[in-house]
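First up is the structure itself, then whatever we jot down about it.
Predicted model only: the values in this text are computed from it and were never measured.
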Amino acid sequence: MKHESTPAQPGRRRWFAAAGAVGAAAAAATVLPRAPMPAADAAQPAPPPRRGGGYQLSAHVQRYYDTTRV
């Protein structure tokens, strides 16, 4: 009895090659150095409110409250 092996399908080969390429790209991305972060001193934070608390009712929050009324 002669056993014939079936050749691999080209679509399957292409899928495994693509999966290997994606894995190699992910490995390379983890090894490469990252760009330095900008200094935090560049953006000055807003001063705290005078009377405490920091909540301010803005237009989009008011619109949300209007939509939740029953």
Inset, instruction - Output all residues satisfying side chain to side chain contact (heavy atoms under 4.5 Å, CB included) with Leu32, sequence neighbours left out; order by chain, then residue number. - result: none

Legend entry - Side-chain cluster (under 4.5 Å, hydrophobic types only) that Phe16 belongs to, other residues: Trp15

Legend entry - Contacts of type side chain to side chain contact (heavy atoms under 4.5 Å, CB included), residue Arg63, not counting sequence neighbours: His60

